[in-house]
Number of protein chains: 2
Amino acid sequence: MSSRVTLHEVAKRAGVSLGSTSRALHGTGASPDMVERVRAAAAELGYRPNAAGRQLRLQRTHLIEFAVADIGNPVYVEMLSAIHGVLSPHGYRIVVSSIGDAAASAARVLSSLDDGHVDGVIISPLRVDAQFIELLTATQVPVVAIGRSLRAHGIETVSTDSASGIGLAVTHLVDAGCRSLAFLNGPTDTTPGEHRQRGYDTAVAAPGFQAASFGTQVADDFTVAAGVEAAHALLDRAVAAGVRLDAVVAANDLLAIGVVRAARERGLSVPDDLAVTGMDDTEIGRMVQPALTSVSLGTTRRGQLAAELMLARLGESPEPPQLATVGPELKVRESSVRSEL
Amino acid sequence: MSSRVTLHEVAKRAGVSLGSTSRALHGTGASPDMVERVRAAAAELGYRPNAAGRQLRLQRTHLIEFAVADIGNPVYVEMLSAIHGVLSPHGYRIVVSSIGDAAASAARVLSSLDDGHVDGVIISPLRVDAQFIELLTATQVPVVAIGRSLRAHGIETVSTDSASGIGLAVTHLVDAGCRSLAFLNGPTDTTPGEHRQRGYDTAVAAPGFQAASFGTQVADDFTVAAGVEAAHALLDRAVAAGVRLDAVVAANDLLAIGVVRAARERGLSVPDDLAVTGMDDTEIGRMVQPALTSVSLGTTRRGQLAAELMLARLGESPEPPQLATVGPELKVRESSVRSEL
DNA sequence: GTGAAAGCGCTAACAA
DNA sequence: TTGTTAGCGCTTTCAC
């Protein structure tokens, strides 16, 4: 393993000074044949500029952290792609960190931010409390949040209106003839859980609501497995109460897939016996049987916006994107449309 | 935004030298009250050691790159979790880079490795050619590969026997009564595509093979969408040839989900009309309808092994893990088991 | 046990 | 245009 080639060695090889070498390779103001000589020397030696040296000097790492609750959720994977697509052409790499839903590990990620290992952080937290906001505002590096708006605290945020998104799903189901709805939510002390709950409560309390609501069942997590379990609990409750549920609004696609599975395990057909809607419009939701009716929250667009906001904060972009809010949009597919009535 | 606190300022505040300050915080050989004073000063000032400074001095970044073909594939997400689980307690962060399946971008990732921005790379390439191997062996940083064994080139590799894994699926289908099988593979110029193809060809050529093979259909990619398209092409071919296919072995779970979807679009029931098996044993495969029979390749275990191998290469671990091969294991679920015959 | 000083690799300000 | 030099923040020798 030949030891690493430094700029110093390139300079020696080219027979010129260190400064000229640096200028010839990156900077400005070097004569054509200086550039030529240095390039040749660098190529012969296989020179690669050392990242730590540049970082220390330039005070920039060209690394952006993407901190999410759960990288297993396809929504975050899609956002990651979108963010990567925007930042990569500007020479930034992405560091992914999974903060989980525990406040403690989120705090650990945040407090490690000021060691300068990244130039900025795009964070999509599940839970936001006072301590979290305090840490976030105390941070030295640019922060862009995805989710609940922290603009009041001076933190750039990309948000969406998931509450009215849930309203879209409720209206669609009622229009499709459903008369007995329930809501399957994730933990309600999370930002999405809280917003989506509000959306459901508002929708079923609206004057035009022509059906009955059997209320909400809360799953332990926004995952398929938690969805299966909670859906069974919900359906058991309905049976016990003598209610014949004909639709479940799920707080996201993973939970909706769980509902479909639980329904199947009980011999219920989706959508004929039970209509189901999801949220996030994930690719997997489009591919499962039946394909999920889902409320798109513009995952890719939100990721892009967050990345563009970050570029603006880093001074890489002349002007920040105009609006940083993405509206919900209903995608009707098989899981909510009865074959015939 | 108060500018960053440096060790120098902490030293001044504590009224001691720079060296003593450093020793008191991290190193050895500092008196109790020196530690006390320095700690207090650091706390008051909110000192955070600067990453670039340490990196430059220590020649370590505490960053490991995880380079995968497609982060959208749940297999890689699962590996990422596993790797993170092993490396995180040792103070390492993970940088994820999606190299795609183009040789060019893989080359770009590899050749950017020698700038010292990471301490090592765990790479799971889809395609491996001579140039790729050359770049990989020329790299200054420790490399651990997941996939095709590169041990012959001096590169630590975690491998599995996906070929005989496909054999497990074929045997299972024949035992379950299937008499006309086909293989739905991903691109065959990739490592997994090549290995799995070999596994299928070997299995159907074995003396004990009691069924007919309708051959292989190659999808453009290892994704659900590509699987849907290729499955339709395969089923069309079978119809044209007057063959009544009763089983499809898919090269991974995503393709298998595509097969299930295509079958459904044609009014075929899975598993009654068509039995389907996948590979990788992903969570989503377990949750879809019908739940996928799949060959586990020990994704989590392979990720852990790769991480442990990396720790050993970094000198963080006394001894490397004994074996770095994970055997395939068949998980029988609904997609291949006919309700009744 | 503590302080002084060198130097990791690089860029930019200043001189020539 | 080119060379010289300082210094980014840190750890670790080397004297004392």
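As a basis for the values below, the full set of heavy atoms in this structure was taken, side chains included, without hydrogen atoms, waters or symmetry mates. In what follows, every chain begins at residue 1, and chains take the letters A, B, ... in the order their sequences are listed.
In this structure, of D:dC10, C:dG3, C:dT11, it is C:dG3 that holds the atom nearest to the side chain of B:Val16. For B:Arg23, the listed nucleotide lying nearest its side chain is C:dG3; candidates were C:dG3, C:dG9, C:dC10. Side-chain proximity of B:Ser31 to the nucleotides C:dG1, D:dT11, C:dG3 is greatest for C:dG1.
Put simply, the residue from B:Arg93, B:Met310, B:His84 that forms a side-chain contact (heavy atoms from CB on, under 4.5 Å) with B:Ile64 is B:Met310. Of the listed residues (B:Thr300, B:Ile122, B:Val144), just one forms a side-chain contact (heavy atoms from CB on, under 4.5 Å) with B:Ile83, and that residue is B:Ile122.
Atom-to-atom, CG of B:Asp115 to P of C:dG9 comes out at 13 Å; the value is rounded to the nearest Å. Atom-to-atom, CZ of B:Arg60 to P of D:dT12 comes out at 12 Å; the value is rounded to the nearest Å. To the nearest angstrom, C1' of D:dG9 lies 13 Å from CZ of A:Arg57. When the C1' atom of D:dC8 is taken as reference, atom CG of B:Asn50 falls 8 Å away, rounded to whole Å. Atom CZ in B:Arg37 sits roughly 13 Å away from atom C1' in C:dG1 (whole-Å rounding). Atom CG in A:Leu58 sits roughly 12 Å away from atom P in C:dA13 (whole-Å rounding). At whole-Å resolution of the value, CZ in A:Arg4 and C1' in C:dC10 are 15 Å apart. Rounded to whole angstrom, the span from the CG atom of A:Leu18 across to the P atom of C:dC14 amounts to 18 Å.
The C1' atoms of five pairs define one axis at each end of the helix from C:dG1-D:dC16 to C:dA16-D:dT1, and these two axes lie 50° apart (to 10°).
Nucleic acid contact for A:Gln55: none, since no nucleic acid atom lies under 4.0 Å from a heavy atom of the residue. At a threshold of 4.0 angstrom between heavy atoms, the contacts of B:Ser22 include nucleobase atoms, whether or not backbone atoms are also involved.
Judged by distance alone, with hydrogens and angles left aside, the side-chain atoms of A:Thr157 form a donor-acceptor pair with the main-chain N or O of A:Ile155 at under 3.5 Å. The closest donor-acceptor contact from the side chain of B:Thr160 to the backbone of B:Val326 lies under 3.5 Å. Here the side chain of B:Asp221 pairs no donor or acceptor atom with the backbone of B:Thr223 at under 3.5 angstrom. Remark: side-chain polar atoms of B:Ser105 are paired, donor with acceptor, to backbone N or O of B:Ile99 under 3.5 angstrom.
Taking only side-chain nitrogens and oxygens, A:Ser20 never comes nearer than 4.0 Å to OP1 or OP2 of D:dT2. Not one side-chain nitrogen or oxygen of B:Gln59 sits closer than 4.0 Å to the OP1 or OP2 atom of D:dT11. For the pair A:His26 and C:dT11, the criterion of a side-chain N or O lying under 4.0 Å from OP1 or OP2 is met. For the pair A:Arg54 and C:dT11, the criterion of a side-chain N or O lying under 4.0 Å from OP1 or OP2 is met.
If you find the closest nucleotide of DNA chain C to B:Ala30 and to A:Tyr47, the one lying nearer the 5' end belongs to B:Ala30. Each of B:Gly15 and A:Leu56 has a nearest nucleotide on DNA chain C; the 5'-most of these lies closest to B:Gly15.
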Is there a salt bridge (Lys or Arg N to Asp or Glu O under 4.0 Å) between B:Arg13 and B:Glu44? Walk through the geometry before answering.
CA-CA 9 Å; B:Arg13 171 68 153 247; B:Glu44 279 175 65; 2.3 Å; yes

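Between A:His62 and A:Tyr92, the ring planes lie tilted relative to each other; the angle falls in the 30° to 60° range.
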